[in-house]
Amino acid sequence: MTLASLDMSGRRESEIISPAKYSTTDVVDNNNDEEEIEEGDNNDNSSIFSIQSCSSAASSFTHSNSHLANYRFENNRRYQSFREGNWLLPNDEQEQDRMQIVDTMLSLLLDGELHLSPLGQPRRILDVGTGTGVWASDMAYKFPNTRVVGTDLSPIQVASPDNCTFEIEDADDKWLYPPNYFSMVHTRNLLGGITNWQRFFEETYRSLHPGGWVELHETPCKIHSDSPDIPSDLPFMHTMSLFASTSSRLGRVCGEELFEFKDYMATAGFVDITETIYRLPIGPWSSDPTERELGRYNMLNFLEGIEGFSLAICSQEGEGDAQDMVRKARRNILDKRARLYVNFVVLRGRKPTACETLPNTLT
């Protein structure tokens, strides 16, 4: 599967994302021979760069408060105006294109599955932090008799089927959904968007009907290397570590605090809690064909996204040169010798049925 095979229905076609703007002699193969990526080359990276990127042409978001689309602009990037600062990354077309790359990468990783939880015939599904709304829309197509609701701080969602709606909401607020309402609550890359994850799981538990599932698809903000010879202070690693520290200082963890969530879920009452960890290479350095393809996607994900992370650090900390951070980090991202990767985690749990929660009175 390559990016060129993607169905872009529901979105406009925009510029072709090409590696040419990232050309550098620091891109190397496993034999330490230097190679320069050039647009149109028939090399390891050619399949990923033939994609025409896509951002939402027409949003299915409707809201009486039109002021929510009065975006904030800073450093030539666009950010949400609703609850300004509650999400540190941009919401512009460049960021939406990156989200599409991530969605496609995760589809490849999960063999086309949208979820791992056994759902049967769900009645209602909530996608918290829906972003462009692609996952919510895909779930609505998969389950045409299910009502799918996606919530986000930004009105940037794609056109969707009739059984899928989007709302501008902050998941940090008190949830207004009635108890026992949803069959599934889902997140994807919501780390950095919640101030109190214990409360999040309590609200999720209350909102799910007995037997319903919560499923998180999250990537902790920590860069790893598969090579023992790579120092732990590479500029790219340092930048992502700084972003995680900045977000944590603002009360919104986005790092390996994720691995504490199992305890929060158990405390809230969830059972059948399962944590599955996948390795996502950054760049096509792996000998495994699937990992090489995943690495191509993930390399472009970070090449496109590193500017947003760097700008957030400099804006929040009031110091540093974002473009210098970007240049140094991109050299690391393109270096196959670094053998970089991130972990992708699927964390899920089930709300027990009534009979499972009744006290055992038998002697």
Side-chain angles (χ1 to χ4, degrees), residues 2-22 39 48-63 66-107 127 129-138 150-160 164 166-168 188-190 192-193 219 243 296-315 322-323 325-326 329-330 333:
T2 66
L3 278 169
S5 67
L6 290 178
D7 178 11
M8 302 303 179
S9 60
R11 265 167 280 227
R12 69 166 178 81
E13 293 183 350
S14 61
E15 62 178 328
I16 296 176
I17 296 182
S18 165
K21 60 182 174 181
Y22 307 121
E39 189 171 4
I48 191 168
F49 298 121
S50 60
I51 180 178
Q52 284 191 318
S53 65
C54 50
S55 301
S56 55
S59 171
S60 59
F61 163 80
T62 57
H63 202 289
S66 60
H67 71 278
L68 296 177
N70 293 332
Y71 302 115
R72 175 175 63 89
F73 292 85
E74 184 178 328
N75 297 310
N76 296 318
R77 300 300 300 269
R78 192 187 73 185
Y79 299 81
Q80 95 275 356
S81 59
F82 178 63
R83 301 294 169 82
E84 183 178 323
N86 283 13
W87 184 251
L88 295 179
L89 297 178
N91 69 359
D92 52 22
E93 292 176 0
Q94 179 179 336
E95 178 67 6
Q96 292 174 52
D97 290 339
R98 187 185 73 85
M99 293 179 188
Q100 174 67 12
I101 293 167
V102 171
D103 285 334
T104 307
M105 174 178 66
L106 297 183
S107 179
D127 185 28
T130 194
T132 58
V134 169
W135 186 89
S137 183
D138 287 345
T151 66
D152 202 88
L153 298 175
S154 294
I156 58 171
Q157 288 70 46
V158 299
S160 64
C164 180
F166 299 110
E167 298 290 339
I168 299 303
R188 173 170 287 184
N189 294 329
L190 188 60
T219 304
F243 179 83
R296 296 184 184 106
Y297 285 99
N298 213 15
M299 180 177 68
L300 188 54
N301 165 34
F302 280 106
L303 287 173
E304 288 291 299
I306 191 61
E307 181 183 65
F309 291 111
S310 301
L311 289 171
I313 295 167
C314 295
S315 174
Q323 294 309 314
M325 296 170 68
V326 169
R330 281 176 175 165
I333 294 167

- Smallest separation among heavy atoms of Asn301 and Asn298, with atom names: ND2-OD1, 3.0 Å
- Query: Can you name the closest pair of heavy atoms from Gly129 and Leu190 and give their distance?
  - Reply: CA-CD1, 4.0 Å
- Query: Is a side-chain donor-acceptor pair under 3.5 Å present for Glu74 with Ser315?
  - Reply: yes
- Smallest separation among heavy atoms of Ser137 and Ala159, with atom names: OG-O, 3.9 Å
- Message: Treating Gln157 as the side-chain partner and Gly131 as the backbone partner, does any N or O pair qualify as donor plus acceptor under 3.5 Å?
- Response: yes
- Message: The criterion is ring pair (Phe, Tyr, Trp, His ring centres under 6.0 Å); which residues satisfy it with Trp135, sequence neighbours excluded?
- Response: His186
- Tell me, please, which residues at least two apart from Met325 pass side chain to side chain contact (heavy atoms under 4.5 Å, CB included). Thr239, Leu242, Ser310, Ile313, Cys314
- Item | From CD1 (Ile168) to CG (Leu153), nearest 0.5 Å | 7.5 Å
- Message: With heavy-atom distances below 4.5 Å as the criterion, would you say the side chains of Gln100 and Val158 are in contact?
- Response: no
- Task: Give every residue pair that meets the salt bridge (Lys or Arg N to Asp or Glu O under 4.0 Å) criterion with at least one member in residues 82-91, sequence neighbours excluded.
- Result: Arg72-Glu84, Arg83-Asp170, Arg83-Asp173
- Query: side chain to side chain contact (heavy atoms under 4.5 Å, CB included) with Leu300: which of Ile333, Val102, Ile101?
  - Reply: Ile101
- Please name the pair of heavy atoms, one in Ala322 and one in Leu311, separated by the smallest distance, quoted to 0.1 Å. CB-CD2, 3.7 Å
- For Ser160 and Phe166, the nearest pair of non-hydrogen atoms, with its separation, is OG-CE1, 3.7 Å
- Item | Any side-chain heavy-atom pair of Val134 and Arg188 under 4.5 Å | no
- Item | Any Gln96 side-chain heavy atom under 4.5 Å of Asn91 side chain | no
- Under the side-chain hydrogen bond (donor to acceptor under 3.5 Å, both in side chains) test, which residues partner Asp152, sequence neighbours left out? none
- Task: Only counting residues at least two apart or in another chain, list the ones meeting salt bridge (charged side-chain N to carboxylate O under 4.0 Å, His left out) with Arg77.
- Result: Asp92, Glu307
- How long is the span from the CZ atom in Arg78 to the CD atom in Gln94, to the nearest 0.5 Å? 11.5 Å
- Check whether any side-chain heavy atom of Asp138 sits under 4.5 Å from a side-chain heavy atom of Asp103, and report yes or no. no
- Of all residues at least two apart in sequence or in a different chain, which pass the ring pair (Phe, Tyr, Trp, His ring centres under 6.0 Å) check with Tyr79? none
- Under the side chain to side chain contact (heavy atoms under 4.5 Å, CB included) rule, what do Arg98 and Leu89 come out as? Steps first, then yes or no, please. CA-CA 12 Å; Arg98 187 185 73 85; Leu89 297 178; 3.9 Å; yes
- Which of these passes side chain to side chain contact (heavy atoms under 4.5 Å, CB included) with Gln80: Ser154, Pro155, Pro90? Ser154
- Query: Of all heavy-atom pairs between Ile306 and Ala329, which one has the smallest distance, and what is that distance?
  - Reply: CG1-CB, 3.7 Å
